[in-house]
Q: 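Submitted below is the structure of interest, expressed as structure tokens.
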Amino acid sequence: MDNRDEVKAFLTSRRAKLTPEQAGLHSYNRNRRVSGLRRSEVADLAGVSVEYYAQLERGNLAGVSDSVLDALARALRLDEAERAHLADLARTAGPTSRTRRRKSPAQQIRPSVARILDGMTGVPALANNARLDVVAANPLAEALFAPVFADPARPVNHARFNFLNPRARDFWLDWERAADDSVAMLRTEAGRDPYNKALTDLVGELCTRSEEFRLRWAAHDVRLHRTGRKHIRHPVVGDLHLSYDVMELPADPGLALIAFSAEAGSPDDDALKLLASWAATHHPADAVT
């Protein structure tokens, strides 16, 4: 993934998404060919020259100061995830970025983390790496994500399931959101670690095989995955609306533990208990056969 191309596409896409009204511009030519901001308007909002901003948008972020990055973020109204992505792109543009590659992400969890997962008998929990591979899962998570684990491709990967497995559209009550999220998370990781061959190979595979993925990848949207709701149509217990919380594992760079829960006494909690009872006597593959 070429850093200059990534910078150019990201800045251009953010500028195109921001209207003059959203940017707080009160005086501008209404006869515009596009709805987004012009380069000169972004430059004015960021307090830099048009020539300098044009240089940045051509992909040259090497040596750009934090103050300029902050000014760009304010001018383009970037959210937290987009600000972090811009900072990652600037860091990667540095002259020593190739010699200071990130440590390869862990591909397996430590025994102590495995014990924690197995001890969470009433809560579905799994560990993902930043490529969205499932590195480990407790039995209830395997039952909850039975269609994902039934996919013959290995390693088990959420993005590959979402875009290449037809069961994904039945599994996710809001497939569009699940698809958007998975691409945005991969794009975020690509900014952090652009020289990760496994990630590049996955993106290449999905761009080649899925038009839906390719269109989303070209949008350059990024997202932080910390907490929220997942809406699932499970083949055994029906619809589930679960909260999720992501806990990074600092001792295992690149890995995060994700736990799913429901409010006590709610229909979703009852459904999780039913799923746990079913999983105790069935193999997860039984859910999709």
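In this chain, residues are counted from 1 in sequence order. Just the heavy atoms: all of them, side chains too, but no hydrogens, waters or symmetry mates, feed the values below.
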Q: When the ring planes of F260 and Y244 are compared, do they come out parallel, tilted or perpendicular, using 30° and 60° as the limits?
A: tilted
Q: Is the closest basic N to carboxylate O distance between E189 and R192 below 4.0 Å?
A: yes
Q: With a 3.5 Å distance limit and no angle check, can you tell me whether D181 reaches the backbone of A178 through a side-chain donor-acceptor pair?
A: no
Q: Quick one: do the R110 and S112 side chains pair a donor with an acceptor below 3.5 Å?
A: yes
Q: Is D174 reaching over with its side chain to a backbone N or O of R177, donor-acceptor style, under 3.5 angstrom?
A: yes
Q: In terms of side-chain geometry, is the basic nitrogen of D70 or R74 positioned less than 4.0 Å from the acidic oxygen of its partner?
A: no
Q: Distance check, rounded to the nearest 0.5 Å: D180 atom CG versus E212 atom CD?
A: 9.5 Å
Q: Taking all non-hydrogen atoms of both residues, which atom of V123 and which atom of A259 are closest, and how far apart?
A: CG1-CB, 4.0 Å
Q: Side chains of W278 and D286: do they bring a donor and an acceptor to under 3.5 Å?
A: no
Q: Using 0.5 Å steps for rounding, measure from the NE2 atom of H225 to the OG1 atom of T188.
A: 11.0 Å
Q: Above 12 or not: heavy atoms from other molecules or residues under 6.0 Å from CG of D5?
A: yes
Q: Does T12 reach the main-chain N or O of K8 with its side chain, forming a donor-acceptor pair under 3.5 Å?
A: yes
Q: Indicate the atoms forming the closest heavy-atom contact of N3 with G59, along with that distance.
A: OD1-O, 4.3 Å
Q: Would you say D268's side chain and H241's backbone share a donor-acceptor pair under 3.5 angstrom?
A: yes
Q: Under the 3.5 angstrom rule, does the side chain of S210 hit a backbone N or O of C207 as a donor-acceptor pair?
A: no
Q: Rounded to the nearest 0.5 Å, how far apart are CD1 of I258 and CG of D245?
A: 10.0 Å
Q: Could you tell me the separation between the CD1 atom of I232 and the CG atom of L144, rounded to the nearest 0.5 Å?
A: 4.5 Å
Q: Using a strict cut-off of less than 4.0 Å between a Lys/Arg side-chain nitrogen and an Asp/Glu carboxylate oxygen, indicate whether E41 and R15 qualify as a salt bridge.
A: no
Q: What closest approach, in Å, do P147 and N165 show between heavy atoms, and which atom pair accounts for it?
A: O-ND2, 4.4 Å
Q: Is it true that R131 and D133 have a side-chain N and a carboxylate O under 4.0 angstrom from each other?
A: yes
Q: CZ/R187 to CZ/R223 distance, rounded to the nearest 0.5 angstrom?
A: 13.5 Å
Q: Just to verify, which of V113, V135, N128 counts as forming a side-chain contact (heavy atoms from CB on, under 4.5 Å) with L255?
A: V135
Q: Would D88 and R91 pass as an ion pair if we require N to O under 4.0 Å?
A: yes
Q: CD of Q22 to NZ of K17: how many Å apart, nearest 0.5 Å?
A: 9.5 Å
